[in-house]
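Written below as structure tokens is the structure these notes are about.
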Amino acid sequence: MVQLALGLLAISTLAALLALLLEAAHAVLADYGECRISINEGQKELTVQGGGKLLGTLMDQGIFIPSACGGRGSCGLCKVKVLEGGGPILPTETPYMDEKEIAEQVRLSCQVRVRNDLAIHIPEEFFLIKEYAAVVVGLRPLTPNIKEVHLKLVDPPEITFKPGQFIQFQVPAYPGCPEPIYRAYSIASPAGLKNEIKLVITRVERGLATTYIHTMLKEGDPVRVNGPYGDFYLRHSEREMVLIATGSGLAPLMSILHQMADEKINRRATLYFGVRCKADLFYQEEIQALAERIPGLSYIPVLSAPAPEDAWEGETGYVTDAVARQIEDASNMEAYLCGNPLMINAAVEILVSKGLPEDRIFYDKFA
Ligand SMILES: Cc1cc2nc3c(=O)[nH]c(=O)nc-3n(C[C@H](O)[C@H](O)[C@H](O)COP(=O)(O)OP(=O)(O)OC[C@H]3O[C@@H](n4cnc5c(N)ncnc54)[C@H](O)[C@@H]3O)c2cc1C
Ligand code: FES
């Protein structure tokens, strides 16, 4: 058994080394010269240096394709049609494609390398996505491992987004992170505050972006973000809402609740917020203030491991256990879920078992 595990480890290490060597050889040896990219039947023509991935090449030209994984091939969001010059679809792309998309030549732009002239098609709305120069005007610890990052937009000075959407934050190169990387963060602040955005960021052990944000980012630092992205936003209906968050997954739900308060959307809604113990709860006063402005809103915090000193008398267990206990019939509801992917999978299963059709469950997995 041990020998088998060691063998597998050796094979995967060799494969990773080979992939690194190929990338390095590619960087040194390959010279694709200048390539032309024709977008939307010639509506836009770009001349670019070949060799880079299509996603990054377009970004360098100010064209931003949705991405939540920073180009690592794990979110499946960066789809564009590559009509000419893209070569065969790669095994890293097929898990994210259905048959129709493959037939329509849809590709993951973070996987396609620009080696020759390309003809591509992208939805018109992608041209509206912008890059923003911003400055950090506040850094506030919300819990021992969650920080609020408050940004003021400088150029352009205003952003228009739908509450619930996210931006990509550029982390510059630093020792341990050899090149700039992008990570997705949901906007927690109200959409009416066009000149500033607040992000709520959990520190991930050995995480490249979050280590930088939690230990190196300072007030006054210039940063770059691009967006907005995503289809996690409030749908217009009269249905009762169930909102479920774990940890920093509360961020986009706060923005949606601000929207409900500002636009006087008084639907019945219950916010379930799951964390480990009392010290992990945050935005409690803000939620209270929102509940006063949204009369139909109820709030249920759920602690999975309350500390003895918490003297907690509220809901306990996983947040999904509380949802299962509290909701009998979800058939007329609409659900908005955000946070840990495991929680979201469990919540979807519970809500569907309570009669909620899947097409009325909206979520963002922080993966
Ligand atoms: C649409 C979307 C919106 C998001 N919004 C937010 C947000 O508002 N706030 C927020 O804090 N995060 C959010 N995320 C997650 C965020 O984009 C990063 O993935 C996260 O901050 C980790 O980045 P990192 O560079 O520090 O870690 P990485 O260097 O990317 O990862 C380091 C290691 O940690 C693992 N890992 C990554 N993320 C987690 C995690 N959350 N828990 C445990 N292990 C992890 C990875 O698998 C890897 O092994 C969002 C993600 C998506 C897709
Ligand atoms: S950017 Fe995430 S899969 Fe391409």
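In this text, all values refer to a predicted model and were calculated from it rather than measured experimentally. Each ligand, and each atom within it, is numbered from 1 in the order the structure gives.
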Exercise answer: donor-acceptor pairs, residues 122-138 side-chain atoms, under 3.5 Å, sequence neighbours excluded:
{"from": "Glu131", "atom 1": "OE2", "to": "Arg224", "atom 2": "NE", "distance (Å)": "3.2"}

**Prompt:** Does the distance from a Lys or Arg side-chain N to an Asp or Glu carboxylate O, for Glu93 and Arg107, drop under 4.0 Å?
**Reply:** yes
**Request:** Mind jotting down which protein residues get a heavy-atom contact under 4.0 Å with ligand 1? Chain and number order, please.
**Result:** Ala68, Arg72, Phe166, Arg183, Ala184, Tyr185, Ser186, Val200, Ile201, Thr202, Val204, Gly207, Leu208, Ala209, Thr210, Ser248, Asp364, Lys365, Phe366, Ala367
**Request:** Determine, for Lys278 against Glu309, whether the closest basic-nitrogen to carboxylate-oxygen distance falls under 4.0 angstrom.
**Result:** no
Got a list of side-chain donor-acceptor pairs under 3.5 Å for residues 179-187, not counting sequence neighbours?
{"from": "Tyr182", "atom 1": "OH", "to": "Gln170", "atom 2": "NE2", "distance (Å)": "2.9"}

**Item:** Listed protein N/O/S atoms, distance to atom 2 (Fe) of ligand 2 under 2.8 Å
**Value:** Cys69 SG, Cys75 SG
**Residue pair Lys79, Glu101: steps toward the salt bridge (Lys or Arg N to Asp or Glu O under 4.0 Å) verdict** = CA-CA 9 Å; Lys79 291 176 180 172; Glu101 288 173 320; 3.2 Å; yes
**Request:** For Ser255 and Ser189, indicate whether the former's side chain and the latter's backbone hold a donor-acceptor pair under 3.5 Å.
**Result:** yes
**Prompt:** If you count the non-hydrogen atoms of other residues, nucleotides and ligands that lie under 6.0 Å from CZ in Arg276, is the total more than 12?
**Reply:** no
**Note: Arg36-Glu45 ion pair, threshold 4.0 Å (strictly below)** = yes
**Message:** Please confirm whether the ring centroid of Phe362 lies under 6.0 Å from the ring centroid of Tyr336.
**Reply:** yes
